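Have a look at the structure below, then the notes.
What you see is a predicted model, and the numbers here were worked out from it, not measured in a lab. If you read the sequence from its start, that first residue is 1, and numbering goes on from there. Both backbone and side-chain heavy atoms feed into the values below; hydrogens, waters and symmetry mates do not.
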Amino acid sequence: RRFIISKSLLLLSGSSSIVHAGARFAALGVCAVSKLQKTASTMRIVASMSLGPLLFVEFCAHSNVLVDTSIGASLKMTSTSSQSINSNDIALAQLSMRAFTACVRCMACDAPQHLMSAARRVYALLTRAIIEASSAIPSSRDGWNHYRNPNPILDTQDSNYEVRLGVSLSPFLSLAVSTSSSKPNGTPTTQLCLLSELLSNGMHGEAMECCHFILSAAEAFTDPNAKERLGVLLLRAWELGPSPGEEDRHKRVGVLGLDHGEEDNGKMDSSCVSSAIRVAMKLNYGIDGNTHVPLLEDSCVLSEGGNVLRAVRSRMGLPMTVVENWPDKHQGRLKKELISTNGMVGIGTQIACALSATLDIGKHFLVTFEKNLPTKKQLKLELIKAASRTSDANFAKEKISISNTISSSIDDALHNADFVTQKIIPHMLDSSLALAQRFVSCLLFSVSKMISSYAPSADFLDANGSFASTLLKSTKRLYGILAKLILSFTSNPQALTSKETKFFLDYLTATLMPRVSALLLTLQEKQEIEGGKFLAESKIESHGKTSALLVFEKEKLDNALLKLGAKLKHAGLGGDSEWIEDHVVTNVNRDFVIKRVEDAKAREAPKTKKKSGAKKRKVKSEPSVGKKNIKKTRRAEPDEDDDEDASDADNADGEASVMESVNAESVGDLDGDDDVVSLSRLTARMEDDEEDDDESEDESESEEEAEFEECVE
């Protein structure tokens with residue numbers, strides 16, 4: 001069975017060879033004959049319709065056998081030595097679900113020549129698969145019939161097939177529903193969908209494949225709101241009803257009727273939380289789901305519960321979340337945010353709030369929040385709580401994967417904003433230019449919200465501060481794109497007064513910059529990781545360079561704002577000029593250096609003893625001794641000044657830091673050292689204002705030794 005399922009998976013992916021009359025063996029996706037190339041998608045659809053129901057029956061059958069599931073595979077891995085088992089042999093149930101997902105992906109592929117739409121093809125496959133599973137496994141018939149639509153849609157239009165597809169996906173992904181028993185003393189039950197049933201039984205391998213199945217089936221939808229709704233339901237699949245141990249605990253009933261015993265939340269070594277978040281972000285179109293569209297008035301947000309705005313965004317390919325799809329405790333907060341001036345709400349910001357509520361926030365970020373904050377219950381999500389209850393190693397792996405997903409989404413949005421700013425806006429005029437500038441402002445506004453939302457919990461997502469450094473790099477890039485956008489307003493300064501640009505710049509000054517400053521302080525205090533180990537000197541130096549470049553980009557942005565303010569004042573727009581100049585924030589992190597790189601090097605460098613043969617012979621020479629004393633006197637004077645400055649700084653600050661603010665003279669003395677990253681030296685090189693003439697300590701010592709040897713000779 002494993003051989004046949006593996007061959008079916010290769011066939012559907014285009015990696016296996018097939019036989020076709022009149023042609024040689026060729027892959028399903030790449031064929032040499034032109035006629036076969038045109039019908040390749042049709043052949044893939046036919047193969048998927050034939051193999052899909054059989055593979056789904058295999059999945060349902062193997063899910064009922066413990067040794068064929070991912071639970072059995074993990075138990076086998078722990079009880080058997082690694083040399084006697086192949087780690088690539090995944091469980092049969094997981095392999096069957098992966099092959100069935102490949103069938104769904106083939107049915108949802110682009111096939112213009114096919115008579116049926118993608119939604120209709122996927123709907124037909126799922127309907128046939130459920131019928132076959134009900135016949136092969138009679139015990140699951142009641143579970144599938146629970147989700148059957150009592151009033152089927154008889155209309156055959158393609159748009160209604162998307163509605164049918166949404167109904168056919170409800171057995172696989174839907175919220176848990178509690179029902180009371182019809183018997184007097186009966187136990188109330190909680191009906192779970194297939195994904196929730198797999199999670200409740202600890203079958204995380206199969207649950208991960210089910211997440212990919214949802215993503216493949218969602219490709220058949222043309223409405224982005226339908227995809228976003230599946231993403232919200234995917235995040236809520238961990239809501240399994242009352243917790244174990246409660247008196248009024250309901251009996252959990254799944255579609256397949258699985259009963260492999262509930263997972264021990266304190267000892268789980270695997271989970272699929274990061275996979276679900278990755279799929280949910282794709283269904284949310286990355287950060288585009290949080291981006292405002294500058295085309296309609298604010299009244300559209302409130303009219304008919306936001307349905308007008310949701311319909312307009314849908315025609316543009318952008319989703320808009322429905323507040324009622326989220327947990328009841330979140331809805332009050334989401335309604336306030338939706339009608340506020342902070343833009344849209346979406347899956348990305350919800351995950352950020354849940355991480356902050358579960359992991360905690362840094363001490364430097366407390367002053368950046370408002371006084372009336374929501375409670376943790378209004379922010380938490382069950383999937384983040386489920387991941388936190390797993391083992392420390394698994395939770396650390398999940399957090400790193402989540403941070404990579406968020407970083408990728410932010411980078412994609414910055415790519416789009418950078419492309420429009422550099423390649424499109426310079427060639428546009430008049431009203432089209434103003435509209436493009438408003439769109440870029442909205443996109444950068446969404447990016448700034450994502451960065452400011454994830455910054456408070458960034459220190460808890462990894463051990464070495466990599467995610468915090470990544471957020472600072474994204475902020476640096478955001479400043480660079482914004483500086484170019486600001487300079488583009490010189491051709492049409494009137495467009496600067498648009499609502500989107502004003503909201504963005506106000507949010508940038510009031511929220512993003514204070515949190516970025518707090519993130520800088522958090523990163524500079526990052527010296528140790530878990531286990532009492534110290535960060536490597538290369539990592540410390542990398543963090544310092546990132547922070548230095550960030551501050552320099554902020555100065556470039558301030559220069560662009562001042563230049564535009566002068567342009568507005570010259571044009572007679574004094575009020576707008578003052579408003580734009582108010583967004584120039586004085587940088588308090590100017591001229592900082594890394595002072596503990598040498599300490600980190602000393603910790604990492606191996607200890608070696610000096611060879612006795614390397615000592616130089618001492619020769620008495622009065623002139624050389626005199627010169628040597630003069631050089632020592634000259635070198636001792638600046639060292640004493642530096643020591644006094646360092647002691648004064650330590651007394652003022654009360655504690656040492658990795659990146660410490662110093663005056664311009666001490667920075668100039670340290671600029672010659674290769675192990676010190678100085679922002680003043682970096683700025684001097686970029687602005688060509690002055691050159692650094694100081695020599696390093698190593699060079700001074702080498703010159704002194706050379707002069708001493710000459711005197712001896």
Side-chain angles (χ1 to χ4, degrees), residues 56 59-75 91 93-94 96-97 133 137 139-144 146-147 169-181 187-214 230 232-277 279-280 327 354 380-391 394-395 398:
F56 187 69
F59 162 73
C60 296
H62 292 305
S63 296
N64 285 276
V65 182
L66 183 63
V67 295
D68 292 339
T69 63
S70 58
I71 303 176
S74 62
L75 294 176
Q94 185 176 354
S96 302
M97 191 63 188
I137 307 175
S139 59
S140 64
R141 187 173 301 168
D142 293 338
W144 298 114
H146 176 79
Y147 294 95
L169 285 173
S170 57
F172 300 91
L173 182 62
S174 59
L175 297 178
V177 179
S178 300
T179 57
S180 58
S181 177
T187 303
T189 60
T190 300
Q191 186 69 36
L192 302 179
C193 64
L194 179 61
L195 178 57
S196 299
E197 182 181 12
L198 297 175
L199 294 172
S200 64
N201 286 272
M203 300 170 61
H204 297 287
E206 292 79 3
M208 180 182 64
E209 301 298 335
C210 189
C211 293
H212 297 313
F213 157 75
I214 296 298
L230 290 177
V232 176
L233 294 178
L234 186 62
L235 297 181
R236 299 188 62 185
W238 276 257
E239 300 176 7
L240 307 177
S243 302
E246 295 183 2
E247 297 180 356
D248 57 345
R249 177 186 171 190
H250 293 200
K251 180 182 180 182
R252 294 173 179 173
V253 179
V255 178
L256 299 179
L258 302 178
D259 189 13
H260 295 319
E262 293 185 357
E263 55 193 4
D264 188 355
N265 293 330
K267 298 181 180 181
M268 279 196 305
D269 294 328
S270 63
S271 61
C272 58
V273 172
S274 59
S275 299
I277 291 178
V279 171
K380 287 185 176 181
L381 291 175
E382 289 296 330
L383 82 162
I384 304 296
K385 293 170 59 177
S388 64
R389 291 192 293 263
T390 60
S391 62
N394 180 75
F395 190 35
E398 292 286 356

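Gln191 is listed as a side-chain neighbour of Tyr147, based on a closest heavy-atom distance under 4.5 Å. Contact of the Leu169 side chain with the Phe213 side chain is registered, since non-hydrogen atoms from C-beta on lie closer than 4.5 Å. Side-chain contact between Cys193 and Phe172: absent, with no pair of heavy atoms (C-beta onward) separated by less than 4.5 Å. Between Leu230 and Val279, the closest side-chain pair of non-hydrogen atoms is not below 4.5 Å. Side-chain contact check for Thr190 versus Val177: every heavy-atom pair is 4.5 Å or farther apart. Contact annotation: the side chain of Arg236 approaches that of Val232 to within less than 4.5 Å [non-hydrogen atoms, C-beta and beyond]. Using a 4.5 Å heavy-atom cutoff, the side chains of Leu194 and Pro171 are not in contact.
In this structure, Arg252 contributes its side chain and Thr189 its backbone to no donor-acceptor pair below 3.5 Å. A donor-acceptor pair under 3.5 Å is formed between the side chain of Asn201 and the backbone N or O of Glu197. Under a 3.5 Å cut-off, the side chain of Glu382 and the backbone N or O of Trp238 do not form any donor-acceptor pair. Side-chain atoms of Asn64 come within 3.5 Å of backbone atoms of Cys60 as a donor-acceptor pair (strictly under, hydrogens ignored). Using a distance-only test at 3.5 Å, with no hydrogens or angles considered, no donor-acceptor pair links the side chain of His260 to the main chain of Thr69. The main-chain N or O of Leu192 is never found under 3.5 Å from a side-chain atom of Ser196 such that the two would form a donor-acceptor pair.
Rounded to the nearest 0.5 Å, atoms CG (Leu195) and CG (Leu233) are 10.5 Å apart. The CG atom of Leu240 lies 11.5 Å from the CG atom of Leu175; values are rounded to the nearest 0.5 Å. His62 contributes atom NE2, which lies 11.0 Å from atom CD of Glu206 (distance to the nearest 0.5 angstrom). The structure places NZ of Lys251 at 14.5 Å from OG of Ser178, a figure rounded to the nearest 0.5 Å.
Contact record, Leu234 with Cys211: CD1-SG, 3.8 Å, taken as the closest heavy-atom pair. The two residues Ser271 and Asn394 make their nearest non-hydrogen contact at OG-ND2, 3.0 Å. Contact between Ala91 and Asp68 at its shortest, heavy atoms only, is CB-O, 3.3 Å. The shortest heavy-atom contact between His204 and Leu199 is ND1-CD2, 4.0 Å. Between Glu239 and Ala176, the shortest heavy-atom contact is O-CB, 3.6 Å. Nearest heavy-atom pair, Cys272 versus Ala207, reported as atom, atom and distance to 0.1 Å: SG-CB, 3.7 Å.
Side-chain N/O atoms of Gln94 and Ser70 include no donor and acceptor closer than 3.5 Å.
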